[in-house]
Amino acid sequence: MNIIKIEKSDDTIKLSLYESHLTLIESNSFTDIYTTNFYMQTLAKKHNIKKVLFIIHDKNNNSVEMRMAEGENAFFIT
């Protein structure tokens, strides 16, 4: 299982993809949710990811959400 950490702030969304051993695979920044969601679906295909743990840190609301997703169609944030 892979881990995707999302850090959301006013002007950027930072995405980091990790292996289950917490080795960083890729990291990128985006300006909107639509581009981020599209990129996550390409990551699923590129790295053959079937299951992922999402850790979403919303810096504006000072909140953290964790959820599991299976299948590339479930790899999105709101």
Side-chain angles (χ1 to χ4, degrees):
M1 176 177 60
N2 293 83
I3 300 165
I4 293 179
K5 180 177 86 172
I6 305 281
E7 295 177 71
K8 294 167 54 176
S9 63
D10 283 332
D11 55 348
T12 61
I13 300 170
K14 182 180 177 192
L15 180 147
S16 300
L17 172 65
Y18 297 90
E19 289 182 2
S20 58
H21 299 75
L22 297 180
T23 303
L24 181 65
I25 299 172
E26 286 191 41
S27 183
N28 211 332
S29 294
F30 305 94
T31 57
D32 60 72
I33 289 178
Y34 304 107
T35 308
T36 307
N37 286 334
F38 178 78
Y39 183 75
M40 281 192 288
Q41 291 185 343
T42 62
L43 282 178
K45 290 180 182 179
K46 180 179 177 182
H47 295 286
N48 197 26
I49 299 171
K50 302 293 182 208
K51 190 175 186 180
V52 71
L53 171 65
F54 278 103
I55 302 171
I56 304 165
H57 179 199
D58 188 338
K59 292 183 177 184
N60 298 330
N61 296 326
N62 196 26
S63 66
V64 176
E65 173 190 348
M66 293 175 62
R67 67 177 172 91
M68 298 289 293
E70 272 192 70
E72 68 186 56
N73 292 333
F75 293 2
F76 66 92
I77 59 171
T78 56

Output all residues satisfying side chain to side chain donor-acceptor pair (under 3.5 Å) with Tyr39, sequence neighbours left out; order by chain, then residue number.
Glu26

Are Leu17 and Met1 in one and the same hydrophobic cluster, where Ile, Leu, Val, Met, Phe, Trp and Tyr link if side-chain heavy atoms are under 4.5 Å apart?
no

Verify same cluster id: Val52, Met66 (apolar side-chain graph, 4.5 Å)
no

Which residues satisfy the side chain to side chain donor-acceptor pair (under 3.5 Å) test with Lys14, sequence neighbours excluded?
none

Looking at Asn60, I want to see if its CG is surrounded by more than 12 non-hydrogen atoms of other residues, nucleotides or ligands under 6.0 Å.
yes

Evaluate side chain to side chain contact (heavy atoms under 4.5 Å, CB included) for Ile25 paired with Asn2, printing each intermediate quantity in order.
CA-CA 10 Å; Ile25 299 172; Asn2 293 83; 3.7 Å; yes

Under the side-chain contact (heavy atoms from CB on, under 4.5 Å) test, residues paired with Leu24 that sit two or more places apart
Ser16, Tyr18, Ser27

Can you name the residues that form a side chain to side chain donor-acceptor pair (under 3.5 Å) with Lys51, not counting sequence neighbours?
none

Listed once per pair and sorted, the salt bridge (charged side-chain N to carboxylate O under 4.0 Å, His left out) pairs that draw on residues 54-69, sequence neighbours left out:
Glu7-Lys59, Glu65-Arg67

At what distance, to the nearest 0.5 angstrom, does CD1 of Ile33 lie from NZ of Lys8?
4.5 Å

Applying a strict under-4.5 Å side-chain criterion to I, L, V, M, F, W and Y, I'd like to know whether Leu15 and Tyr34 cluster together.
no

Any side-chain heavy atom of Ile6 sitting closer than 4.5 Å to one from Met40?
yes

Ala69 and Phe54: which non-hydrogen atoms are nearest, and at how many Å?
CB-CE1, 3.6 Å

Rounded at 0.5 Å granularity, tell me how far CD in Gln41 sits from OG1 in Thr36.
11.5 Å

Membership question, hydrophobic clusters at under 4.5 Å side-chain separation (ILVMFWY): are Val64 and Ile3 in the same one?
yes

Taking the side chain as everything from C-beta on, heavy atoms only, tell me whether Ile77 gets closer than 4.5 Å to Asn37.
yes

Could you tell me if the side chain of Phe75 sits less than 4.5 Å from the side chain of Leu43, heavy atoms only?
no

Under 4.5 Å side-chain heavy-atom separation, chaining through any Ile, Leu, Val, Met, Phe, Trp or Tyr, what else clusters with Phe76? Say none if it is isolated.
none

Cluster overlap Met68 with Ile4, hydrophobic side-chain contacts below 4.5 Å:
no

Report the residues that fulfil side chain to side chain donor-acceptor pair (under 3.5 Å) with Thr35, sequence neighbours left out, ordered by chain and then residue number.
Asp32

